[in-house]
There are 2 protein chains.
Amino acid sequence: MSLRTALLALLTVEPMTGYDLHKRFDSSVGYVWHAPDSQIYPELRKMERDGLLVGKEVPWGQRGRKTEYHVTEAGIEAFREWMNGTLEYGRERDPMHLKAAYLEWAEPEAARRQLRAHEEHHRALKAQWEEQIREIDTGHSGMLNRRLATLPKNEHRAATAFKRFTYQGLVARAEQEIEWARQGLALVDELYGKEPEAGPGRR
Amino acid sequence: MSLRTALLALLTVEPMTGYDLHKRFDSSVGYVWHAPDSQIYPELRKMERDGLLVGKEVPWGQRGRKTEYHVTEAGIEAFREWMNGTLEYGRERDPMHLKAAYLEWAEPEAARRQLRAHEEHHRALKAQWEEQIREIDTGHSGMLNRRLATLPKNEHRAATAFKRFTYQGLVARAEQEIEWARQGLALVDELYGKEPEAGPGRR
DNA sequence: CGTCTCATGTAAGGAGTTACATGATTTA
DNA sequence: TAAATCATGTAACTCCTTACATGAGACG
């Protein structure tokens with residue numbers, strides 16, 4: 001039921017088509033919430049049936065049509081309600097930590113490969129988040145600017161601060177995961193001995 | 001398909017019934033991987049069909065019976081294969097950070113409530129993980145001891161170190177989330193002003 | 001004798017993934 | 001005119017959650 005909330009969040013900023021949303025979920029926003037189009041379109045129709053959205057048919061080119069979804073009052077209300085509630089903390093499902101706990105089953109090289117992949121993954125995420133922060137700080141964040149355009153001036157500070165706060169938390173999380181992976185690599189070296197670097201020219 | 005792996009991981013340590021597994025998933029292990037019994041029993045039967053497990057009927061009391069699942073050679077092989085592969089990093093789905101990014105929609109008190117819940121949740125997790133580490137360090141970890149009993153002495157060091165490494169990473173993650181929540185609370189105070197403590201005797 | 005733990009399920013539905021499918025429009 | 005982008009789906013499947021259901025054994 002949270003895809004619904006993610007869709008509401010994005011659509012409160014501006015009306016969009018399913019395709020627009022699909023693109024958002026595929027890029028920046030997609031690292032906080034992902035959804036494939038096969039889930040997006042049906043959910044939008046359901047939300048329209050439930051009165052949270054209205055779809056406006058817009059012509060596109062000569063023959064083409066597209067449906068732009070606008071949030072209704074009921075949609076705003078539902079979103080506000082979600083925002084004023086408290087999240088339930090569901091149970092975890094964390095393959096990497098499950099794997100880490102049994103890492104003695106893996107061959108040393110496989111363990112290294114996994115830990116390096118973990119580090120790389122979180123380095124890439126970190127770069128993403130830092131880019132978002134830079135954009136916020138320099139006023140180049142399209143997402144934030146569109147949001148600010150819907151708000152009175154006196155609320156700009158809060159909206160900006162919360163977005164920055166969010167990304168800053170994600171950066172800190174990524175840094176922690178990178179550090180953990182590095183400790184894991186050091187541990188593998190310590191337990192099984194250091195592998196020679198796979199550099200060129202060294203037999 | 002990862003519930004399967006979690007089940008294999010637990011069953012490589014010792015044979016268990018569905019009920020035993022269900023209990024594990026409900027307690028300590030459950031914070032890394034959770035599954036309800038309605039998922040466990042069918043999955044065990046599927047794994048038996050696939051040759052990864054064999055269920056041994058064991059009498060229980062006078063009339064009762066229970067099925068104890070043992071990992072087969074094929075099961076060991078499948079687990080080892082998973083351990084030697086590299087995880088795919090699926091897309092995220094992170095309600096709290098989604099919410100944080102739009103926190104200006106929430107009433108200040110609701111924002112505080114959510115952030116405090118986040119902090120509390122991770123404090124509880126942290127306590128859990130630290131307890132696991134203490135048990136490992138003092139030799140009182142049932143999970144680890146049962147695992148070590150299946151291993152030759154020279155592999156004890158690695159198995160112990162990886163378990164410790166796992167929990168230590170989880171502690172660090174929890175600490176980071178706690179810190180982030182506290183920064184969020186400070187931010188709410190800064191944006192909307194501090195709420196008076198809901199203590200007794202004031203006014 | 002009651003309550004807690006042990007033991008094992010079914011049924012319904014929602015959420016999410018993967019693959020398949022189609023056609024119009026814009027741009028190089 | 002070919003390729004990229006825009007636009008919108010269906011179908012099949014797995015995964016996961018929630019609720020419902022039952023009965024035996026152990027312990028006090």
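Letters go in sequence order (proteins before strands), and every chain restarts at 1. Nothing here was measured: the structure is a model prediction, and the numbers come from that model.
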Could you tell me how far apart [X] ([atom1]) and [N] ([atom2]) are, to the nearest whole angstrom?
X	N	atom1	atom2	value
A:R93	C:dG16	CZ	C1'	13 Å
B:L3	D:dT17	CG	C1'	13 Å
B:D20	C:dC6	CG	C1'	9 Å
A:K66	C:dT25	NZ	P	12 Å
A:H22	C:dT17	NE2	P	14 Å
B:K46	D:dC13	NZ	C1'	10 Å
B:D26	D:dT18	CG	P	13 Å
B:F25	C:dT8	CZ	P	15 Å

Toward the 5' end of DNA chain C, by each residue's nearest nucleotide, A:H34 or B:Y19 =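 Nearest nucleotide further toward 5': that of B:Y19.
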More 5' along DNA chain C: B:E68 or A:G64, using each one's nearest nucleotide?
->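 Comparing both residues, the 5'-ward one is B:E68.
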Reckon B:D37 touches a base, only the sugar-phosphate, or nothing at all at heavy-atom distances under 4.0 Å?
->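 Here B:D37 touches the bases of the nucleic acid.
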Among [options], which is the nearest nucleotide to the side chain of [X]?
X	options	answer
B:Q39	D:dT8, D:dC15, C:dC6	D:dC15
B:K23	D:dT17, C:dC6, C:dA15	C:dC6
B:Y41	D:dT18, C:dG9, D:dA7	C:dG9
B:W60	D:dT10, D:dG23, C:dA15	D:dG23
B:R45	C:dT8, C:dG9, D:dG25	C:dG9

Would you call [X] and [Y] a salt bridge, taking side-chain N to carboxylate O under 4.0 Å as the test?
X	Y	result
B:E131	B:R134	yes
A:E135	A:K163	no
B:R173	A:D94	yes

base_contact_polar (D:dT18 base, B:S38 side chain, donor-acceptor, <3.5 Å) =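 Present.
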Say whether A:H70 and A:E68, considering side chains only, have a donor N or O and an acceptor N or O under 3.5 Å apart.
->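 Yes, side-chain donor-acceptor contact under 3.5 Å.
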A:S2 side chain near C:dA15 phosphate (N/O to OP1/OP2, under 4.0 Å) =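 Negative; the distance criterion is not met.
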Taking only residues two or more places apart in sequence, or in another chain, which ones meet B:E92 in a salt bridge (charged side-chain N to carboxylate O under 4.0 Å, His left out)?
->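 Scan of B:E92 (salt bridge (charged side-chain N to carboxylate O under 4.0 Å, His left out), adjacent residues dropped) gives none.
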